[in-house]
Participant: 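Have a look at the structure that comes next, please.
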Amino acid sequence: MAGEARSDARPILIFFGSSTSGPSRRMEAFVDQVLQAHRNHQTFRRRKVDIDVQPDLAARFGIRQAPTIVVLDGDRVARRIEGRVGVDALRSELSDWLR
């Protein structure tokens with residue numbers, strides 16, 4: 001994303017959601033729970049995008065539903081998690097980066 005410090009090599013976890021969406025709010029809490037349980041708060045540079053406020057950015061990433069999580073590792077999309085998933089599935093999807 002524009003303006004990111006090049007010296008910070010951590011992957012970027014972008015949470016695409018909607019402030020009016022219950023599933024988005026629950027999924028965001030699940031992300032926090034997974035990262036907290038593994039003490040991985042600093043694993044990702046985290047960004048939150050409200051698709052109602054920034055539809056252009058959502059379109060740029062091809063977001064079709066909220067919530068969607070996109071993990072950018074380097075210059076590539078390393079993982080894409082669409083829709084609401086449970087804590088176990090989320091932990092599994094992010095396992096490459098969790099300690």
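What you see is a predicted model, and the numbers here were worked out from it, not measured in a lab.
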Participant: Side chains of L13 and L94: does their closest heavy-atom pair fall under 4.5 Å?
Facilitator: yes
Participant: Tell me the closest heavy-atom pair linking I69 and V31, and the distance in Å.
Facilitator: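 For I69 and V31, the tightest heavy-atom pair comes out as CD1-CG2, 3.5 Å.
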Participant: Under the side chain to side chain contact (heavy atoms under 4.5 Å, CB included) rule, collect the residues that match up with A78, sequence neighbours excluded.
Facilitator: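 Result, side chain to side chain contact (heavy atoms under 4.5 Å, CB included) vs A78: D73, R76, W97.
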Participant: By side chain to side chain donor-acceptor pair (under 3.5 Å), which residues pair with T43, not counting sequence neighbours?
Facilitator: N40
Participant: Do L98 and E93 have side chains that approach each other closer than 4.5 Å (heavy atoms only, starting at C-beta)?
Facilitator: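 L98 vs E93: side chains apart.
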Participant: Given a cutoff of under 4.5 Å between side-chain heavy atoms of I, L, V, M, F, W and Y, with clusters grown through shared members, what are the other residues clustered with V53?
Facilitator: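 Besides V53, the hydrophobic cluster comprises nothing; the residue is isolated.
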Participant: Between CG of L72 and CZ of R47, what distance do you get to the nearest 0.5 Å?
Facilitator: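 Atom-to-atom, L72:CG and R47:CZ are 10.5 Å apart.
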Participant: Residues in side chain to side chain contact (heavy atoms under 4.5 Å, CB included) with V87, at least two apart?
Facilitator: F30, Q33, V34, R91
Participant: Quick check: do V70 and F16 have side-chain heavy atoms less than 4.5 Å from each other?
Facilitator: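 Heavy-atom side-chain distance check passes, below 4.5 Å.
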Participant: Can you check whether I12 reaches R46 side chain to side chain, under 4.5 Å on heavy atoms?
Facilitator: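 No, side chains not in contact.
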Participant: Could you tell me the separation between the CD1 atom of I14 and the CZ atom of F61, rounded to the nearest 0.5 Å?
Facilitator: 4.0 Å
Participant: With sequence neighbours left out, write down each residue that passes side chain to side chain donor-acceptor pair (under 3.5 Å) with Q42, or none if nothing qualifies.
Facilitator: R10
Participant: The criterion is side chain to side chain contact (heavy atoms under 4.5 Å, CB included); which residues satisfy it with P23, sequence neighbours excluded?
Facilitator: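 Listed in chain order: S21, R26, P67, R84.
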Participant: Starting from the C-alpha separation in whole Å, work towards a yes-or-no answer on side-chain contact (heavy atoms from CB on, under 4.5 Å) for F44 and V71.
Facilitator: CA-CA 9 Å; F44 299 100; V71 177; 4.0 Å; yes
Participant: Can you name the closest pair of heavy atoms from S24 and G17 and give their distance?
Facilitator: OG-CA, 3.5 Å
Participant: For R25, give me all partners under side chain to side chain donor-acceptor pair (under 3.5 Å), at least two apart in sequence or on another chain.
Facilitator: none
Participant: Rounded to the nearest 0.5 Å, what's the gap from CZ on F15 to NZ on K48? Could you check?
Facilitator: 7.0 Å
Participant: Tell me which pairs pass side-chain hydrogen bond (donor to acceptor under 3.5 Å, both in side chains) where either residue lies in residues 61-71, with sequence neighbours left out.
Facilitator: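 Every pair satisfying side-chain hydrogen bond (donor to acceptor under 3.5 Å, both in side chains) with a residue in residues 61-71: R64-E82.
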Participant: What residues, two or more places apart in sequence or in another chain, satisfy side chain to side chain contact (heavy atoms under 4.5 Å, CB included) together with D52?
Facilitator: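 Residues passing side chain to side chain contact (heavy atoms under 4.5 Å, CB included) with D52: S18, T20, D50.
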